[in-house]
Each structure stands twice: as C-alpha cells, then as structure tokens.
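To start, the structure under review is shown below, and the notes come after it.
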Amino acid sequence: MTEDTTNYSHLSELALEYIHRSDDERKRFICQDKWIALPFAEQAIKRIEELLFFPKNKRMTCLLIHGESSMGKSHILDRVRKKYSAGIQRRDGGDSHPILALQLVATPDEKRVMSAITRSLKAPTRNRETIESLERVISNVFARIKPAALFLDEFNNIDACSRQDQKKILNFFKYLSNEYRMPVIAFGTSLSVSIIGYDPQISRRFETFLLPTWSLNEEFIDFVASLVATYPLRKKSHIIEPRLCREILEVCDGVTGEVEKLLRRAALKAVGGEERITPSIISEVIDQRWL
C-alpha cells in the first residue's frame, strides 16, 4: 500500500522521491550537490548565454565572474557546460561548437596553461614540447573545432606567477579570443579583478560580474527555505524566522557554500531522529564547527 504523501508538501519533488527510503539512502542524497536557482546565479548564466550566442566579431566581449570562495562560481560553470554539452548551435546555422573548459593550476605559467589546453582538447603531444609547438597544436585543433567559448576556472591562480608570466598568459587568452572569435569566460575570486586590471587592453575586453555575499533579506530567507526543501526529512523544519536566519548568516559570513554546509550537517543530524531541522540542531552544528 502506498503511503500518503500529502503531509510532505514542504519537500521539493526530487526530495519527495526519497522520503520513504532508508536513513542511509536519504543521508547519501542529502550529501549530493543540488542546484538552487539563486537570483544572481541565474543572472550570471543569462549573461554567459548572451555571449555564447552573440554573433562572432573581431573583438569578442569576455566576462569575469568573481566573488568570495564558495559562492557558487564552479557550480555556474558546470551548469552551463552540462546544459550545452552537445555544443552551441549558433543562430546563423552551421555546425555546433563545443565549450572548452579548464581549471588553472595553482602556479600557472604560459607553458602549463598551453599544456592544460592540449589535455582538455585530448590533442596528441610529445614529451618536452616547446611553447611554439604547443601553440601550433592548439591552433590546429581550434581551427578545426571552432570552440564557442573558453571557460577558465580558478582564474585567480594567475596571481601566483610573476607579472611577466601574467602578461604572457593574459595575452595568450586575448590572442585565442581574437583569432577564433570566441569569448573567454573566467571564474575566480575577487583577486581576479586586479589581475585583469594590470593591463588596460585586457580590462577593457572583460566585463565583470560580482556574485555578492548574502545579506539578511527576503532573498536569503527564500534561499534557506529552498535548500531545506531539498532534504528528504519527514517533518517540516521551522528555521526561516529572521532571528535564526540572522544567526546562520553571521556564522557563515554570508557565503553560499558555508550556508549549504551548515544546513546539510543539520539535516544529516535530523535523519532518523527529529526528522526536521530545529534551532537546537542548528546551535549544535554551529558549536561543533569550532571543536
């Protein structure tokens, strides 16, 4: 006999599918990454899509999406890549064009960046390739596949190299954008704004889009409520009153990833026990963060 689910109106559709699973299964589901349609994230995706479908020209606009660590930059990148995994079909017809994405290493230089691009392209290379030979490999593959865009995660890592190497790396990205008429979409901390500001030519090419930390407002309360609704708990949680939301906000410094981490731990504690997130569970999780 199927159990009545009318008392589970507090859950999202996906969470509802797990409500009668075992405690272990529900905990595994709670630990999975989930996409919450946050207003600023949706605005960032809209701007990325505008650039992806913008007609090609000699000076393509590039974009830097920046904010504190754990504000959801990589989730936005992954969301767009997944949506357009089959490539970008431009309005003028023709073949679809792939999005190329890579994460910059902790201490990049020009050769490491080129090597990372060739690996992303799965292009055959030899040992001890020179910068010139790597550039030829990249140019040959780019000319063939005509990428729709180049996505760069952890763009702020460029700050770890010398100013001379920074200039070489940025000039190489500018060259790729000009030569293949594609936008470069960079994701990084706000340190990235200073990196592109070193060169006026680069800074004029890049638009910037800030992912702000949260303030105590209706949008933050909606975010907390939406997140809690993704946890398959059998009772409704009452945690969206302003005092508790303020405590969560302050403890997490308004950072999206920290809020998600705190509420996830609270939900895990509630499974098989309270079956809802309570103020006392929140306080317990906050206290344990400092042990």
Side-chain angles (χ1 to χ4, degrees), residues 31-49 51 62-82 101-108 150-161 166 169-170 173 183-198 202-203 206-228 230 239-240 242 244-267 282 285-286 288-290:
C31 290
Q32 293 175 9
D33 287 333
K34 300 169 184 66
W35 175 257
I36 306 293
L38 306 178
F40 47 78
E42 292 296 317
Q43 291 166 17
I45 290 174
K46 180 181 178 182
R47 184 57 185 140
I48 292 171
E49 291 177 328
L51 295 179
C62 299
L63 178 65
L64 168 63
I65 295 177
H66 66 99
E68 296 290 332
S69 180
S70 298
M71 280 305 299
K73 299 178 291 294
S74 296
H75 286 305
I76 292 171
L77 186 158
D78 292 339
R79 181 80 172 177
V80 176
R81 284 190 70 193
K82 184 176 181 181
L102 67 142
Q103 178 176 303
L104 297 182
V105 297
T107 53
L150 176 62
F151 284 11
L152 302 170
D153 202 7
E154 302 294 347
F155 189 78
N156 46 280
N157 284 347
I158 293 176
D159 188 65
C161 60
Q166 288 181 30
I169 292 168
L170 294 173
F173 292 146
V184 173
I185 314 293
F187 301 78
T189 67
S190 294
L191 181 61
S192 304
V193 178
S194 299
I195 293 170
I196 64 172
Y198 291 146
I202 298 294
S203 62
F206 275 86
E207 294 180 0
T208 59
F209 187 103
L210 172 66
L211 300 178
T213 53
W214 291 97
S215 300
L216 186 61
N217 52 29
E218 288 298 321
E219 287 187 343
F220 179 69
I221 292 173
D222 288 345
F223 164 51
V224 171
S226 298
L227 191 58
V228 171
T230 68
I239 66 165
I240 61 171
L244 189 55
C245 282
R246 181 181 291 107
E247 183 177 11
I248 293 170
L249 180 73
E250 291 176 353
V251 167
C252 298
D253 296 321
V255 174
T256 300
E258 292 301 311
V259 175
E260 291 175 339
K261 190 186 302 181
L262 187 153
L263 292 176
R264 184 184 301 120
R265 289 175 178 172
I282 292 290
V285 172
I286 290 173
Q288 289 178 344
R289 294 176 83 232
W290 310 112

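Bear in mind the structure is a predicted one, so any value in this text is a computation, not a measurement.
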Closest heavy-atom contact between M71 and T213?
CE-CA, 3.9 Å
Can you confirm whether F40 sits close enough to L210 that some side-chain heavy atom of one is under 4.5 Å from a side-chain heavy atom of the other?
no
Residue pair D159 / Q166, side-chain heavy-atom distance below 4.5 Å:
yes
Looking only at heavy atoms, the pair that brings I282 and A266 closest together is CD1-CB, 3.9 Å
For S194, what residues pass the side-chain contact (heavy atoms from CB on, under 4.5 Å) criterion, not counting sequence neighbours?
none
Partner set under side-chain hydrogen bond (donor to acceptor under 3.5 Å, both in side chains) for S69, not counting sequence neighbours:
none
Atom pair CD1/CG of I202 and L64 - distance to nearest 0.5 Å:
12.0 Å
Within the side chain of E207, is there an N or O that forms a donor-acceptor pair under 3.5 Å with the backbone of C62?
no
Mind checking whether I239 and C245 have side chains closer than 4.5 Å, heavy atoms only?
no
Contacts of E42 meeting side-chain hydrogen bond (donor to acceptor under 3.5 Å, both in side chains) (sequence neighbours excluded), chain-then-number -> W35
Are side-chain heavy atoms of V285 and L263 found at a separation under 4.5 Å?
no
Report, one line per pair, each donor and acceptor closer than 3.5 Å where one atom sits in a side chain of residues 247-261; sequence neighbours left out.
unit_1: T256; atom_1: OG1; unit_2: W214; atom_2: NE1; d: 2.9
unit_1: E258; atom_1: OE1; unit_2: R289; atom_2: NH2; d: 3.1
unit_1: E258; atom_1: OE2; unit_2: K261; atom_2: NZ; d: 3.3

Check against side chain to side chain donor-acceptor pair (under 3.5 Å), S192 and H66
CA-CA 7 Å; S192 304; H66 66 99; over 6 Å; no
Taking side chain as C-beta onward, heavy atoms only, is F173 less than 4.5 Å from L152?
yes
For I221, is the CD1 atom crowded, meaning more than 12 foreign heavy atoms sit under 6.0 Å from it?
yes
Is any side-chain heavy atom of T107 closer than 4.5 Å to one of N157?
no
Donor-acceptor contacts under 3.5 Å from residues 74-81 side chains, at least two apart:
unit_1: S74; atom_1: OG; unit_2: D153; atom_2: OD2; d: 2.8

Short question: side chain of N156, backbone of G188 - any donor-acceptor pair under 3.5 Å?
no
Between K73 (side chain) and E68 (backbone), is there a donor-acceptor pair under 3.5 Å?
yes
If the condition is salt bridge (charged side-chain N to carboxylate O under 4.0 Å, His left out), which residues does R246 pass it with, not counting sequence neighbours?
none
Residues I185 and L51: closest non-hydrogen pair is CD1-CD1, 3.8 Å
Check for me whether the distance between the ring centres of F155 and F187 falls short of 6.0 Å.
no
Distance from I36 atom CD1 to T230 atom OG1, nearest 0.5 Å?
5.0 Å
Which heavy-atom pair separates S215 from F220 by the least distance, and what is that distance?
O-CB, 3.2 Å
In Å and rounded to the nearest 0.5 Å, what is the OG to CD1 distance from S203 to I195?
13.0 Å
Identify the two heavy atoms, one from P39 and one from E219, that lie closest to each other, and give their separation to 0.1 Å.
CG-OE2, 3.8 Å
What are the two closest non-hydrogen atoms of A160 and A106, and how far apart are they?
CB-O, 3.3 Å
